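Since the structure comes first, as structure tokens, the remarks are kept for the end.
Predicted model, so just to flag it, every value in this text is computed and none were measured.
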Amino acid sequence: MQPITDSLLSIVVPLYNEEENVVLLTQKIHESLVGYQYQIIYIDDFSKDNTRKVVKNMNDDSVHLIELKKNYGQSLALAAGLDYAEGEYIITMDGDLQNDPSDIPQMLNYAVNDDYDVVTGIRQKRKDSLVKKIPSKIANFLVRRVTKLDIKDNGCALKIFTKEIAKDLNLYGEMHRFITLLAHLEGAQIKQVPVKHHARHAGVSKYGLERVFKVVADMMLLLFIRKYFQRPIHLFGIFGFLMILLGVFINIYLLIVKYGFGEDIGTRPLLIFGLMFILAGIQLFTIGIVMELLIRTYYESQKKRPYRIKKVTIGDGVA
């Protein structure tokens with residue numbers, strides 16, 4: 001098939017303990033992009049297995065390996081890859097073979113010929129467990145309600161960005177989940193395309209139930225992003241949310257006791273605790289916002305990046 005564009009493509013793939021998947025993934029990318037000019041950028045997020053060694057042993061000149069000095073998480077690994085990428089079109093995907101590289105050409109067609117800034121996948125017949133599907137559906141619903149942006153699958157990692165949009169994305173914390181929304185806030189025109197989805201080929205999922213709490217914190221952050229500015233909030237946001245929730249439950253219980261059973265609650269220590277939890281939660285949220293703004297100012301005003309690269313390897317040599 002004739003290539004859709006002669007422009008250089010950058011395929012950005014964060015890796016963490018994917019030694020059993022990375023060789024097959026590389027082969028599938030090569031098979032799917034015959035005739036294209038492209039670079040495959042693997043960002044090793046301080047894997048504990050032999051992922052780095054396996055990538056280097058491929059001796060593939062199209063493969064660029066970025067080794068991070070410690071485990072920063074998927075957002076900052078992705079940010080390192082986006083900063084390094086040289087292509088006119090930058091493609092992101094996961095390293096677990098659940099995304100299918102054969103979907104890239106059809107998605108690229110919308111970016112090149114229809115002038116979309118972002119083309120994002122909608123996973124069809126997801127091969128994930130309910131532990132992943134249910135929180136994902138809830139998060140997608142909340143994003144649509146809060147932002148009025150009708151993105152059906154924010155969690156799909158397979159996306160194509162123009163270079164201009166990708167380079168303007170400032171990823172901090174764990175905002176990779178809402179990277180499409182961040183692009184929208186930069187003025188990007190977005191196209192959604194159905195894509196294939198496969199069961200994980202090998203290895204174990206890095207998903208845990210604790211991610212649900214982070215999604216809640218991220219959703220609160222989205223309210224700030226939508227109304228004011230891009231302001232990351234995680235640790236203080238999570239604790240603030242839990243304390244406010246606890247305080248509200250306590251006060252609802254006391255209201256039931258007072259008006260349902262006619263008991264006096266004015267002298268109960270529980271009333272004070274309920275109010276204290278709500279006030280403390282609000283304070284934690286405020287502190288979190290201020291601290292995250294200071295962190296953002298620190299990095300952006302001094303042109304610092306919130307990650308450190310140990311080494312970059314191209315093919316069988318060091319860049």
Side-chain angles (χ1 to χ4, degrees), residues 73-75 122-123 126 128-156 172-182 184-185 205-296:
Q74 189 170 348
S75 283
I122 305 173
R123 290 168 289 185
R126 284 185 63 180
D128 287 325
S129 65
L130 290 177
V131 175
K132 294 183 72 173
K133 285 182 180 178
I134 293 175
S136 178
K137 287 184 179 295
I138 294 172
N140 287 322
F141 171 76
L142 290 174
V143 170
R144 289 195 295 271
R145 291 298 299 269
V146 169
T147 67
K148 309 303 180 185
L149 178 64
D150 186 22
I151 298 297
K152 294 179 173 58
D153 189 0
N154 283 280
C156 181
Y172 298 88
E174 296 191 21
M175 287 304 293
H176 63 276
R177 299 188 192 95
F178 304 110
I179 192 171
T180 308
L181 174 61
L182 294 176
H184 170 71
L185 295 175
S205 173
K206 287 76 180 178
Y207 183 91
L209 286 176
E210 72 278 359
R211 186 174 173 183
V212 175
F213 294 101
K214 294 179 181 179
V215 169
V216 171
D218 284 333
M219 285 306 307
M220 295 176 181
L221 168 60
L222 287 178
L223 288 171
F224 258 86
I225 290 175
R226 184 70 177 175
K227 252 181 146 178
Y228 305 102
F229 192 66
Q230 296 184 24
R231 307 174 184 182
I233 178 174
H234 285 288
L235 180 62
F236 288 101
I238 292 171
F239 282 109
F241 171 77
L242 291 176
M243 292 186 75
I244 291 172
L245 198 62
L246 182 58
V248 168
F249 282 147
I250 289 173
N251 286 301
I252 289 174
Y253 164 75
L254 291 174
L255 285 174
I256 293 173
V257 169
K258 179 174 177 63
Y259 294 104
F261 298 95
E263 297 183 20
D264 182 32
I265 63 172
T267 58
R268 291 196 177 191
L270 194 59
L271 177 62
I272 298 174
F273 278 112
L275 294 174
M276 285 179 61
F277 278 129
I278 292 175
L279 292 174
I282 293 171
Q283 286 182 325
L284 282 173
F285 251 109
T286 305
I287 292 171
I289 293 165
V290 171
M291 289 189 67
E292 293 294 342
L293 283 173
L294 289 173
I295 291 171
R296 181 176 289 269

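- Between Met243 and Ala280, the closest heavy-atom pair is CE-CB, 3.4 Å.
- Atom CD1 in Ile151 sits 8.0 Å away from atom CD1 in Ile122 (nearest 0.5 Å).
- Residues passing the salt bridge (charged side-chain N to carboxylate O under 4.0 Å, His left out) test with Lys152 are Asp150, sequence neighbours excluded.
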Audit row: Leu242, Leu246, side chain to side chain contact (heavy atoms under 4.5 Å, CB included) steps and yes/no: CA-CA 6 Å; Leu242 291 176; Leu246 182 58; over 6 Å; no
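- The only member of Leu255, Val257, Ile250 that meets side-chain contact (heavy atoms from CB on, under 4.5 Å) when paired with Tyr253 is Val257.
- For the pair Leu254 and Leu270, the minimum side-chain heavy-atom distance is below 4.5 Å.
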